[in-house]
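Read through the structure below, which is laid out as C-alpha cells, and then see the notes.
Remember, predicted model here, so these are calculated numbers, not experimental data.
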Amino acid sequence: MKFALVLCLAVIADEIFGDPARFPHPVRMIGRVINFWHRIIFSDTESFFDGLAVSLLTIFTAGLFAGLTAVLVDGNVIFQVYALYSAIAWRDLKDETAPVFFALVKKDFDSARKYLSFVVGRDTENLDETEIARAVIETVAENSVDGVISVMFFAAIGYAVSPVWGMPVIVWAFKAASTLDSMIGYESFGRYGTASARIDDVMNFLTARIGGLMIVLTGGNFREALRVFASDRTKHKSPNSAHPESAFAGVLGLRLGGGAFYGGKFEARPFLNEAGNDPVTADIVRAWKVLDVSCFAFTGILVILSCLS
C-alpha cells in the first residue's frame, strides 16, 4: 500500500511542478559524476573498456548515494516521493517539446528548429514542418518508455526488493544508465560510448515492449495500432525504440521514422506505418494525449497490483 501512495504522490508532484529549472536536480548531479569519472578514466574514443568503466562506476555511484540516503532517513515517505518524482520525466517531456509546438503554430520555423535541437540528436537546420513534427512525436514516443514507464517499473521492482532502500537505488541506477546513454552513448563517441548504449538497451528491453503494448491497448484505433506495432516494432537499429514509436504511429495513423541527418551524415531508416499520413503541427497535441493516457493506465495498473500484494 505504501508504494501505491508514493507512486501517486510522485506522479501528482510531477504534474504540478515538473522539473524546476533552478532547483537542484539529481540528473544534473549524475552528469557531474559522469564528467568526474570521464576525466579520470577516458583515454581514447575507441576504448570500449574505458566506456564500460565509466558506465559501471557512474551507475554504482548513483545507486550507492541513493541507497545511503534512503537508509539514513530510514525510508522516509517524503524522501521516497522526491526520489521517484525527480526521476519521472512525464510533464518534462511535454514541457521540453512545447516550445517547438508553439513556434510551429506561429510558423516560426527557425525557432522551432532551434528548440527542437535541444531535445533530439538529429540535425535540425533544414527540417520542414512535417519533419519537425515527426521528430517531436518520435521523441515523445521513445521517451514515454525511458522517461516514464521504465522509471515506474523499476520503482516497483525496487520497492519489492526493499521498502527502505530498494526503490531509490534501482530507480537512480536506471537513471544513471539513461543519462550515460544521453551524454556518451552517441556514435560520435565511437567504441567508448558502446557500453553505455548497450546497458541502456538492456535496461529498457522489457519496458519498451510493455510500453508499446500499453500504447496499443489504451491509445485508441486498436486494430490499426496493433497491426502497425506487430509489423514495424523491429524496424530500427535500436532493439527498443521502434516499439513505442510504431505504437504511436499506429494509434495516430501517422508515418513516423524514415532517414535523418546526424552530424552532417544521412542515416537511412525505414518508415513506421508507411501508409500513414505525414505529421502536422496539431498531431503533437494528439501525441501528448496518447502519452498521458498510456502512462496514466500504467500507473493505475501498478497501483492496483501494489494494493493487491
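For F118, the CZ atom sits in a packed shell: over 12 heavy atoms of surrounding residues, nucleotides or ligands are nearer than 6.0 Å. Residue Y115 places its OH atom among 12 or fewer non-hydrogen atoms of other residues, nucleotides or ligands, all under 6.0 Å distant. The neighbour count for F49 CZ, taken as heavy atoms of other residues, nucleotides or ligands under 6.0 Å away, does not exceed 12.
For the pair V140 and A287, the tightest heavy-atom approach, listed with the atom from each and the gap, is CG1-O, 4.0 Å. Shortest non-hydrogen contact noted between V119 and T139 is O-CG2, 4.1 Å. Heavy-atom minimum distance, K94 versus L291: CG-CD2, 3.9 Å. Nearest heavy-atom pair across S246 and L272 is N-CD1, 3.9 Å. Smallest separation of non-hydrogen atoms from S144 and C295: O-SG, 4.4 Å. Between W90 and F296, the closest heavy-atom pair is CH2-N, 3.4 Å.
Side chains of F229 and I215 form no contact here, defined as non-hydrogen atoms less than 4.5 Å apart. Looking at W172 and F65, their side chains never come closer than 4.5 Å, going by heavy atoms from C-beta outward. Using a 4.5 Å heavy-atom cutoff, the side chains of N240 and E142 are not in contact.
Residues V33 and F42 fall within the same hydrophobic cluster, defined by Ile, Leu, Val, Met, Phe, Trp and Tyr side chains chained together at heavy-atom separations under 4.5 Å. Linking ILVMFWY side-chain heavy atoms closer than 4.5 Å, directly or via other members, places I40 and I59 in a single hydrophobic cluster.
Aromatic ring centroids of F205 and H243 lie 6.0 Å or more apart.
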task: Give the C-alpha distance, both sets of side-chain angles, the deciding distance and a yes or no for side chain to side chain contact (heavy atoms under 4.5 Å, CB included) between R198 and T194.
output: CA-CA 6 Å; R198 296 294 80 81; T194 300; 4.0 Å; yes

- prompt: What's the verdict on side chain to side chain contact (heavy atoms under 4.5 Å, CB included) for T58 and T179, showing C-alpha distance, side-chain angles and the deciding distance?
  reply: CA-CA 10 Å; T58 298; T179 307; over 6 Å; no

task: Could you check R134 against T130 for side chain to side chain contact (heavy atoms under 4.5 Å, CB included), going step by step and ending with a plain yes or no?
output: CA-CA 6 Å; R134 178 178 288 125; T130 291; 4.0 Å; yes

task: Take W37 and T61 through the test side chain to side chain donor-acceptor pair (under 3.5 Å) and record every step on the way to the result.
output: CA-CA 10 Å; W37 290 119; T61 303; 3.2 Å; yes

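For the residue pair D50 and S43, a side-chain donor N or O sits within less than 3.5 Å of a side-chain acceptor on the partner. Residues S150 and N204 have side chains that bring a donor and an acceptor to within less than 3.5 angstrom of each other.
The pair R269-E138 does not meet the salt-bridge criterion, since no charged nitrogen lies less than 4.0 angstrom from a carboxylate oxygen.
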